[in-house]
Each structure stands twice: as structure tokens, then as C-alpha cells.
Amino acid sequence: MKILAFETSCDETGIALVEGKKSGDAFEFKVLRQALLSQAALHAPYGGVYPDLAKREHQKNLPALYKEFADDEYDAVAVTVGPGLEPALWQGIEFAERVARDKHVPLLPINHMEAHLLSSLAKPTTEHSYILENVGMSVLALLISGGHTEFVLMQEWLQYKVIGKTLDDAVGEAFDKVARMLDLPYPGGPEISKHATAAREKKLVSDIKLPRPMLHTGTCDVSFSGLKTAALYSLRDKKLSADEKAAFAAEFEEAVGDIFVQKTRQALNDTGAKTFVIGGGVAANRYLRERLEQLVLDEFPDCDFRLPHLAITGDNAVMIAQCALTRALSGKKEDGAETLRAVGNLSITKN
Ligand code: KG4
Ligand code: ZN
């Protein structure tokens, strides 16, 4: 089965043609063609994604990128319908609707967070192929991105329950805001990571200490607004040297690491999950990956920890196609709709 997928939920315009098949219990994916255009540099002066600009860019990029796919044949078109920025989502939806109509194939609505989750469970086999297999149930997923931070439990295949979430800001947003306080460019996550790594290599330690909010609440909920405010207050009226900046970035990253280690410990103890997976843009963070890997190794050695390949942690259309294929090959029948609706706050439980 072949699916052409579109992703426009934020500041990445993505199109991908992916072939999928099921052999036994395994899902095999082959990326036949993909196009991805990041607008990050355009949004950088705003310090975050500017929705109207994202909308205009998707409108311009979609027809340009689609040219490469115009002659392709496939069984269905898939498109992200949420969560995300609605003006941006609408561009992908309207474009996908036209393509599905022209090609006389069904149009499948896809949830962006489910796509992060499922694509993170798959392992690369070659440069363009992935396999999703041997998933022990239940699956605990920590989804961390610019707009979301949640612990999701999949007790039955493709059925989700949110067992913990941020009560305020998403962790990616906190990375971006703190980077901005340090005069680092958008997107801030990779910048903080770079400076923090340098600080650790030089053994620099920050004089400023940040809080670890909600560490011992006994729930899997998290909060980042207090951490962000603490960062703001402690940097106010201070002029940091390059080394102090790097040390501060490390302190921030370590606070985030401490929070996710404790909350993951809580979630794994509460659920007894056999598989643990992380997904979303922040799952690219090297320090977080190492801390969580160490936690599982030390305290949950029987749990299968799946780390997403770095090529698919950021937003892209390959993950949207993989999600659509996994659902279709699992017999999850979507109502192939003629028209779809963007839902900015779409929950992963609405499947
Ligand atoms: O999943 P994603 O590409 O878009 C959304 O769906 O939001 O996530 C983007 C977020 C941004 O906040 C970005 O700063 C963060 O992921 N990010 C990182 C890293 N790479 C991207 N955060 C921390 N460390 C990174 N290496
Ligand atoms: Zn995302």
C-alpha cells in the first residue's frame, strides 16, 4: 500500500510518499520520495512561529514541493488535521483535499502526536526504510515538542490514554523562551543543547540554580512556567559572560532532565509498561536521551526503550505517512472523508 502524506501543522512543509506492508506482526515502511522545507529561519526574528507567516509559506511551498510528486500513484492521501496552528493546518488540508479528489483516492485525517509516537517506535533498517515490530504492551510514550508535553499510555494497539501532561507550557516552548532570554536564536532547543554540551565538556557549573517544579507530586503531570519565570528573574539585570551563559544553559537542561527522569520513573512504576518511547522535536535532545536511557538501564532493565532516529524527531511528512499506513494496515478504518477540518487542540485520545 502506498500513501502520499502532507504535514503543515507548524513551520515545516512536508510531503512524503511511503510504501508500507505488513509481514506477520511487523510493519515495514519504505520512503519512496520526500520533501521537507523548514521555515525556521523566517520565523527566527519573531522568536517563535508566527502563524500568518507560516500559513503564507505553506501556501507558497506546497505547490512547489508537490511538483515532484505530481505523477506518482498511491492508494490514499493522508494529512495532519491537528494538533497545531489552525491557519497552517488548513493549508495542508485544502491542498490534500484537492490532490485526493484529482487522483480519486481516499483522504485520511492524521493526528500529529500519534504520528510522532508511532514513528518513534519504528527502527531504521536502511537509510530509507523503517520497521515497526515486537512492540511489548503496554507502551508508555513521552511526547515532547514545541506545543505538547504529555505521557501517553497505549494499553491496546492504537488506543491512547493521557496519564500526565504539562499544566502550562510545553517543554519545547520553555527551551525556546529560555534561549531567547540568553539571546540565542530560534529554535532555541538545539542552541541550548549546544551550549549546555560545551559547558559540560569544560566542566563549567552555573552559580544560578533553577527549581525543579512538581518533582514529588506523585503524579505524572509537569509544569514549566515556574521554571521559565525563575530563569527570567535570575537573568534579569545580569550580563552573563559566554561561559556563564553556557553554564546556565546546562543548568536549565539539567532541571528539565531531572523533571523528566523523576516523572518517567513515576509513570513506569505506575503503569508497568513493557515499552517506553519518546517522540517529538525535543526528543532530539542528546542530554535528555542519555538521562532517560540511563534511567531505564538502571531501574527498568526489562523495559524496551525506543529512541527515535534523529531524522524523524522533528516535524516531517514521513511520520504522517507511517501513521496512516500503520492505522490502515491494522484495519483501523478511517472514514475516507471528502472534506476535513483543522482542530488546533486535537487530542491523541480522539482516535
Ligand atoms: O515536534 P516539533 O518539531 O514541532 C512541534 O510539533 O512543536 O518540535 C519543535 C520543538 C521546538 O521547541 C524546538 O526548540 C525543540 O523541539 N527542539 C529541541 C531540540 N531540537 C528541537 N529541544 C531541545 N533540544 C533539542 N536538541
Ligand atoms: Zn511535532
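Counting starts at 1 for both ligands and their atoms, following the listed order. Heads up: numbering here begins at 1 and tracks the sequence.
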Just to check, does [X] reach to within less than 4.0 Å of ligand 1 when the distance is taken from its heavy atoms?
X      : answer
Gly147 : yes
His148 : no
Glu253 : no

Checking heavy-atom distances from atom 16 (O) of ligand 1 to each of Ala196, Ala179, Ala174, Gly281, the winner is Gly281
Atom indices of ligand 1 within 4.0 angstrom of His116 heavy atoms, with elements: 1 (O)
Which of the atoms in ligand 1, numbered in the order shown and given with their element, are less than 4.0 Å from a heavy-atom of Gly172? 12 (O)
Regarding Arg212 and Glu251, does a basic nitrogen lie under 4.0 Å from an acidic carboxylate oxygen? yes
Electrostatic pair Glu244:Lys238 at N-O distance under 4.0 angstrom: no
Look at the rings of His116 and His112 and say which category their plane angle falls in: under 30° parallel, 30 to 60° tilted, over 60° perpendicular. perpendicular
Can you classify the ring geometry of Phe151 versus Phe260 as parallel (below 30°), tilted (30 to 60°) or perpendicular (above 60°)? perpendicular
Close aromatic pair by centroid cut-off 6.0 Å: Phe252 and Phe175: yes
Going by chain and residue number, what protein N/O/S atoms come nearer than 2.8 Å to the Zn ion (ligand 2)? His112 NE2, His116 NE2, Asp315 OD1
Could you check atom 12 (O) of ligand 1 against the protein and tell me its nearest heavy-atom contact, residue, atom and distance included? Asp176 OD2, 2.8 Å
